[in-house]
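Atoms within each ligand, like the ligands themselves, are counted from 1 in listed order.
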Amino acid sequence: MNTVSPVAPSATVAASPVPAAKWTVSQVEALYQMPLMDLLFRAHQVHRENFDPNEVQRSALLSIKTGGCPEDCSYCSQSARYKTDTEREALMQVEDVVAAAKEAQAKGATRFCMGAAWRGPKEKELEVVTQMIREVKALGMETCVTLGMLKDGQAQKLKEAGLDYYNHNLDTDAEFYDKVITSHKHSDRIDTIAQVRGAGIKVCSGGILGLGESRRNRAAMVAQLANLNPAPDSVPINNLVAMPGTPLAQTEKIDSFEFLRTIAAARITMPKSYVRLSAGREAMSQEMQAMCFFAGANSIFYCDKLLTATNQDINSDQSLFEKLGLRAV
Ligand code: SAM
Ligand code: DTB
Ligand code: SF4
């Protein structure tokens, strides 16, 4: 019988120097099994101990290279393997990216995330992206890129260009991974995250829910993120946007409370990380989003478009922030 409390990992009570808390899958699953009110209360307590609960960070997102990706991620409209509405486009020009960053900044975004549909960047492509990072950084914005897997030395080049965050999601449980993606492995994702961390870049890593995974898979994904040592600085939790033409286009939606429980579990297991309420927000009610903020989400994508899918429009975000008394940071 597991005697560890479902609401605290054993390592948090250890004397200093405190080792990183290691969460077992069963411990995270026990969080999911708590009565919802107890879980929300605990998550909100952890949130308040570590953050101002009325502040939400806002990141803008831009697809700098859309479509034609050789990978087979079965949720993604940008994979060349599926017949979707997403057209393949070339890498954007640096000046167009900078213009989009300026526009996002004028609307109030503090971080600019640039995404590319690559397995990983080629050296020439990386050169162009480093130029984008330099110029966006010069505007006074934080920078984030998501370019796929990195080879030796590439993270260092990004760091030298001034990159703040690299997004590379674990996406789902290691044991469920090959049901969703076969063209690369979960361990490849961990390797790239290690390269990013080794270069001194902050790690943004999270996952997607609603891929047909079980609660045990969700708990395992949360544990794998929390145990990255240290946990990612930023943890995007995406709700699948079912993209027509992808193998997951007809997948049944995940229950809202299960999504909420995942936000709470992420907050409790990664107390100091920003937890981002990411893709799928457009389909959520304002009440659901408010519950997610209560459960510990404190970051959003703030832009009318994600990469290829639409996002909650910024006017409704502004009105939601006003109604809830949230401050953007
Ligand atoms: N190619 C890079 C990669 O895979 O890391 C960067 C871009 S990729 C689109 C970034 C992340 O977007 C994925 O890891 C996945 O979590 C998320 N994503 C992609 N398609 C999605 C969808 N239809 N619904 C929700 N999240 C999605
Ligand atoms: C992340 O975790 N979610 C963002 C960002 N990182 C790059 C992407 C969401 C993509 C949603 C589907 C689309 O726009 O194609
Ligand atoms: Fe390519 Fe990233 Fe989409 Fe996978 S998620 S198909 S790697 S763009």
Side-chain angles (χ1 to χ4, degrees), residues 59-82 84-89 91 111-121 125 129 143-150 165-173 177 180-186 188-193 195-196 203-213 221 225 232 234-251 253-254 259 266 273-284 297 299-312:
S59 294
L61 190 54
L62 178 71
S63 180
I64 58 169
K65 160 69 186 80
T66 304
C69 183
E71 302 301 280
D72 68 354
C73 312
S74 52
Y75 44 79
C76 188
S77 70
Q78 305 200 72
S79 168
R81 309 198 190 199
Y82 316 127
T84 70
D85 299 337
T86 302
E87 301 282 339
R88 183 193 189 118
E89 290 170 23
L91 179 60
R111 189 179 307 160
F112 196 64
C113 303
M114 296 164 268
W118 289 325
R119 177 177 162 86
E125 294 164 337
V129 175
T143 50
C144 175
V145 295
T146 181
L147 313 172
M149 290 184 273
L150 296 178
Y165 290 83
Y166 194 88
N167 167 244
H168 202 64
N169 292 340
L170 290 188
D171 281 318
T172 194
D173 175 14
Y177 206 76
V180 184
I181 300 154
T182 66
S183 54
H184 58 259
K185 298 194 292 286
H186 193 268
D188 294 326
R189 304 297 278 186
I190 306 248
D191 288 350
T192 290
I193 290 170
Q195 303 233 20
V196 168
V203 170
C204 172
S205 186
I208 320 184
L209 307 186
L211 305 173
E213 76 285 349
M221 181 192 81
L225 288 166
S234 172
V235 182
I237 305 292
N238 296 280
N239 199 353
L240 177 71
V241 182
M243 303 302 279
T246 63
L248 294 180
Q250 307 301 332
T251 308
K253 280 208 153 313
I254 183 180
F259 186 88
S273 306
Y274 278 83
V275 174
R276 182 172 308 129
L277 182 53
S278 302
R281 212 159 53 78
E282 197 188 15
M284 289 176 199
S299 172
I300 57 166
F301 282 119
Y302 179 67
C303 43
D304 294 336
K305 198 170 174 202
L306 294 165
L307 293 173
T308 66
T310 51
N311 192 23
Q312 190 74 257

_Any side-chain donor near an acceptor of the partner, Q78 and T86, under 3.5 Å_ = no
*Against heavy atoms of Y75, which atoms of ligand 3 measure under 4.0 Å?*
5 (S)
*Which heavy atom of the protein is the closest neighbour of atom 5 (O) of ligand 1, given with residue, atom name and distance?*
R189 NH2, 2.9 Å
*So, for atom 6 (S) of ligand 3, does the protein have a heavy atom nearer than 4.0 Å?*
yes
*Check if V241 has a non-hydrogen atom at a distance under 4.0 Å from any atom of ligand 2.*
no
*Measure the distance from atom 15 (O) of ligand 2 to every protein heavy atom, then report the residue, atom name and distance (to 0.1 Å) of the closest one.*
T308 OG1, 2.5 Å
*Going by the angle between their ring planes, with limits at 30° and 60°, are Y177 and H186 parallel, tilted or perpendicular?*
perpendicular
*asked:* Residue-level breakdown please: for A116 versus ligand 1, do any non-hydrogen atoms fall below 4.0 Å on the side chain, on the backbone, on both, or on neither?
replied: backbone
*Write out the residue and atom name of the closest protein heavy atom to atom 27 (C) of ligand 1, then the distance separating them to 0.1 Å.*
I208 CD1, 3.8 Å
*asked:* Under 4.0 Å from atom 1 (N) of ligand 1, is there at least one protein heavy atom?
replied: yes
*Pick one of side chain, backbone, both or neither for how T246 approaches ligand 1, counting any non-hydrogen atom pair under 4.0 Å.*
neither
*Would you check whether D171 has a nitrogen or oxygen atom less than 3.5 angstrom from a nitrogen or oxygen atom of ligand 1?*
yes
*Does an N or O anywhere in N169 fall below 3.5 Å from an N or O of ligand 2?*
yes
*Decide whether an N or O pair under 3.5 Å exists between F301 and ligand 2.*
no
_I need the nearest protein heavy-atom contact for atom 24 (N) of ligand 1: residue, atom name and distance, please._
V241 N, 3.0 Å
*asked:* As an exercise, identify every atom of ligand 2 less than 4.0 angstrom from a heavy atom of P236.
replied: 2 (O)
*By number and element, which atoms of ligand 1 are closer than 4.0 Å to a non-hydrogen atom of W118?*
1 (N)
_Checking contacts here: is it the side chain or the backbone of H184 that comes within 4.0 Å of ligand 1, counting heavy atoms only? Could be both or neither._
neither
*Starting from atom 12 (C) of ligand 2, find the nearest protein heavy-atom neighbour and note its residue, name and distance.*
A309 CB, 4.0 Å
*asked:* Would you say E282 and T310 are linked by a side-chain donor-acceptor pair, where the criterion is simply a distance under 3.5 Å?
replied: yes
_Closest protein heavy atom to atom 10 (C) of ligand 2, given as residue, atom name and distance to 0.1 Å_ = L307 CD1, 4.1 Å
*In terms of residue, atom name and distance, what is the protein heavy atom nearest to atom 10 (C) of ligand 1?*
N167 OD1, 4.1 Å
*Would you please determine whether G115 falls within less than 4.0 Å of ligand 1 on a heavy-atom basis?*
no
*Judging by distance only, is a nitrogen or oxygen of N169 under 3.5 angstrom from one on ligand 1?*
yes
_ligand 1 versus N238: contacting region, heavy-atom distance under 4.0 Å_ = side chain
*What protein heavy atom is closest to atom 20 (N) of ligand 1, reported as residue, atom name and distance in Å?*
Y75 CD1, 3.4 Å
*For ligand 2, which atoms sit closer than 4.0 Å to a heavy atom of T146?*
7 (C)
_For ligand 2, which is the ligand I care about here, please tell me if N167 has any N or O atom under 3.5 Å from one of the ligand's N or O atoms._
yes
*Would one find an N or O of N238, backbone or side chain, under 3.5 Å from an N or O of ligand 2?*
yes
_Which of the protein's N, O or S atoms come within less than 2.8 Å of atom 1 (Fe) of ligand 3, not counting waters?_
C69 SG
*Taking atom 9 (C) of ligand 1 as the reference point, the nearest protein heavy atom with its distance*: L307 CD1, 3.4 Å
*Looking at ligand 2, does any of its N/O atoms fall within less than 3.5 Å of an N/O of L61?*
no
*T246 side chain to S77 backbone, donor-acceptor under 3.5 Å*: no
*asked:* Check whether R88 reaches the backbone of A80 with its side chain - one donor and one acceptor, N or O, closer than 3.5 Å.
replied: no
